[in-house]
2 protein chains.
Amino acid sequence: MDTRNALLDQAEEFARRRGFDGFSFADLAESAGIRKASVHYHFPAKADLSFALMERYRVVFMDKLHAISAAESTASARLLQFLNLYRQASDGGRSLCLCVALSVTQTALPATSIAELAAFHRDVTAWLETVFRLGQADGTVQHVSDPRAEAGAAMAQVEGAQIVARAAQDASRFEAAIATLVARCL
Amino acid sequence: MDTRNALLDQAEEFARRRGFDGFSFADLAESAGIRKASVHYHFPAKADLSFALMERYRVVFMDKLHAISAAESTASARLLQFLNLYRQASDGGRSLCLCVALSVTQTALPATSIAELAAFHRDVTAWLETVFRLGQADGTVQHVSDPRAEAGAAMAQVEGAQIVARAAQDASRFEAAIATLVARCL
DNA sequence: ATTCACCTACCTAATGGAAGGTAACCGCAA
DNA sequence: TTGCGGTTACCTTCCATTAGGTAGGTGAAT
């Protein structure tokens, strides 16, 4: 299973830096030091790769969110850690969240990958809602009137923040885009 | 100049639905009813197309923003009209803002296109800042403490909103993502 | 004659595959 | 122990199509 994961790691990096249509199986093969036909062994078609990527990404990301919830007891700290996940993923404007990359080329994805994409947003937004609800209760996040609406907005805000930073290749644009969220954490 | 604009219209639609790497000159030629080599007459390389697309998009979008400013006198109304521009561009989750599509494949773009991309975000964010500043003064937008930070956040939020709606192919996700902004307009 | 906007024909490189093969490893039965 | 079959993970070779172009040409309008 080592080569398969190495391929997924590399594919994820390519997709997040160039978009899903911006790299080929040939690129992937070269970076992994195997032949293109061997990549097909692990992922019969590019669509299979998109599914495997998105499935893994969602599982790993949700694990990280659950780790945050276990390690931090206040809504404020959880939200700041969440923002840090997105900040790291932005990588100074050099990279995007995988789901952004896949959303753009979504018309070419199989239904299974689209379902994983939708599940990612649904799951992350649900987690954010629990955080904002906690923020309302523990008072560590300011101005929370509707946790559900706040969660939807924050989900969009962090994804948009990565795009703006990516377009400008500038980490400070990410910070400028999330500053309102940061300012609300006590 | 008619064919050139028809090509730009079609290219913009393709890019916003499939991503910039998701369509080819052959696709464009077919949809325009001319030969691929003729597309090259108008745009020598795909990079030239990306520049022309982004330049036009920014000019047209800024014109729309200025029209909003001329037609609406309150910050609230302006912000709602701005959101409406993004809502229309989202087209029920079927489409994205051009700059999102180009940001994803940004590593393959020429410097001129990247500069147009950066200028788009800069100009739109600057306009938003004037709106939030007005909102602070006229009291029609709630909870504005730092207009600059608000502008950065709103820029990110609307772009993220389109992505979330696109991923789910669901217009209600767009609405859920901007609801906090809407709720703040009096 | 020049320009514009189209054309045919062609190019190289690349794309996402498909088919058939090999070698190493493992488990199992004789 | 040995041989066999199955599995895994790689390989070469090949395919049809496509991608982004290039060169040279034509006809209409001015």
Side-chain angles (χ1 to χ4, degrees), chain A residues 1-56 98 101-102 104-114, chain B residues 1-56 98 101-102 104-114:
Chain A
M1 198 60 90
D2 202 25
T3 301
R4 187 174 190 273
N5 271 310
L7 288 173
L8 284 172
D9 289 344
Q10 190 58 251
E12 182 178 319
E13 175 159 358
F14 281 143
R16 290 171 56 199
R17 292 184 190 282
R18 308 185 192 173
F20 194 62
D21 287 335
F23 74 96
S24 65
F25 267 22
D27 293 325
L28 203 47
E30 185 181 356
S31 70
I34 60 173
R35 296 321 221 167
K36 182 162 68 84
S38 305
V39 179
H40 282 286
Y41 169 78
H42 293 279
F43 304 102
K46 204 167 179 181
D48 300 301
L49 179 63
S50 75
F51 173 70
L53 278 173
M54 199 63 230
E55 184 184 47
R56 190 180 73 154
L98 184 63
L102 292 184
V104 168
T105 54
Q106 183 251 55
T107 47
L109 302 184
T112 50
S113 303
I114 292 169
Chain B
M1 199 58 92
D2 202 26
T3 300
R4 188 175 189 273
N5 272 311
L7 288 173
L8 284 172
D9 290 343
Q10 191 57 253
E12 181 177 319
E13 176 160 359
F14 281 143
R16 291 172 56 199
R17 291 183 193 281
R18 308 185 192 174
F20 194 63
D21 287 335
F23 73 97
S24 65
F25 267 21
D27 293 325
L28 203 48
E30 185 180 356
S31 70
I34 59 174
R35 295 320 221 170
K36 181 161 71 83
S38 306
V39 178
H40 282 286
Y41 169 77
H42 293 279
F43 305 102
K46 205 168 179 182
D48 301 301
L49 178 64
S50 73
F51 173 71
L53 278 174
M54 198 64 231
E55 181 182 50
R56 187 180 75 156
L98 183 65
L102 292 184
V104 168
T105 55
Q106 181 251 56
T107 48
L109 302 183
T112 50
S113 303
I114 292 170

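In what follows, chains are A, B, ... by sequence order, proteins preceding strands, each numbered from 1.
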Inset, instruction - Please tell me which of the listed nucleotides, D:dG20, D:dC10, C:dT15, lies nearest to the side chain of A:Asp27? - result: C:dT15
Inset, instruction - Find the distance A:Phe23:CZ to D:dA19:C1' and express it as a whole number of Å. - result: 17 Å
Inset, instruction - Find the distance A:Glu30:CD to C:dA13:C1' and express it as a whole number of Å. - result: 14 Å
Inset, instruction - Answer yes or no: does atom CZ of A:Arg56 have more than 12 heavy-atom neighbours from other residues, nucleotides or ligands under 6.0 Å? - result: yes
Legend entry - A:Leu7 and A:Val39: CA distance, side-chain angles, deciding distance, side-chain contact (heavy atoms from CB on, under 4.5 Å) verdict: CA-CA 8 Å; A:Leu7 288 173; A:Val39 179; 4.2 Å; yes
Inset, instruction - Measure from CG on A:Leu49 to C1' on C:dG17 and round the result to the nearest Å. - result: 14 Å
Inset, instruction - To the nearest Å, give me how far apart NE2 (B:His40) and C1' (C:dC4) are. - result: 18 Å
Legend entry - Between P of D:dG21 and NZ of B:Lys46, the distance in whole Å: 9 Å
Legend entry - Verdict with supporting geometry, A:Leu109 and A:Phe51, side-chain contact (heavy atoms from CB on, under 4.5 Å): CA-CA 8 Å; A:Leu109 302 184; A:Phe51 173 70; over 6 Å; no
Inset, instruction - Round to the nearest Å and state the distance from B:Phe14 atom CZ to D:dA19 atom C1'. - result: 15 Å
Inset, instruction - Report yes if a side-chain nitrogen or oxygen of A:His42 is closer than 4.0 Å to either non-bridging phosphate oxygen (OP1 or OP2) of D:dC10; otherwise report no. - result: yes
Legend entry - Candidate nucleotides D:dC10, C:dG17, D:dG21, ranked by approach to the side chain of B:Ala45 - the nearest: D:dG21
Inset, instruction - Measure from the side chain of B:Arg35, starting at C-beta and using heavy atoms only, and say which of C:dC7, D:dG20, D:dC10 lies closest. - result: C:dC7
Legend entry - Rounded interatomic separation in angstrom, taking CZ from B:Phe43 and P from D:dA19: 18 Å
Legend entry - Check: C:dG17 base within 3.5 Å donor-acceptor of A:Lys36 side chain: yes
Inset, instruction - For the side chain of A:Ala37, starting at C-beta, report the closest nucleotide among D:dG21, C:dG16, D:dT13. - result: D:dT13
Inset, instruction - Using modelled atom types only, decide if a donor and an acceptor are shared between the side chain of A:Lys36 and the backbone of A:Leu28 within a distance under 3.5 Å. - result: no
Legend entry - Distance test, side-chain N/O of B:Tyr41 to OP1/OP2 of C:dA5, below 4.0 Å: yes
Inset, instruction - Could you check whether A:Phe25 gets within reach of a base, just the sugar-phosphate, or nothing at all, counting any heavy atom under 4.0 Å? - result: sugar-phosphate
Legend entry - Under 4.0 angstrom between B:Ser24 side-chain N/O and D:dT18 OP1 or OP2: no
Inset, instruction - Write down the distance between CG (A:Leu28) and P (C:dT15), rounded to a whole number of angstrom. - result: 12 Å
Legend entry - C:dC7 phosphate, OP1 or OP2, under 4.0 Å from B:Ser38 side-chain N/O: yes
Legend entry - Close side-chain approach of B:Phe43 to B:Ser50, heavy-atom, < 4.5 Å: no
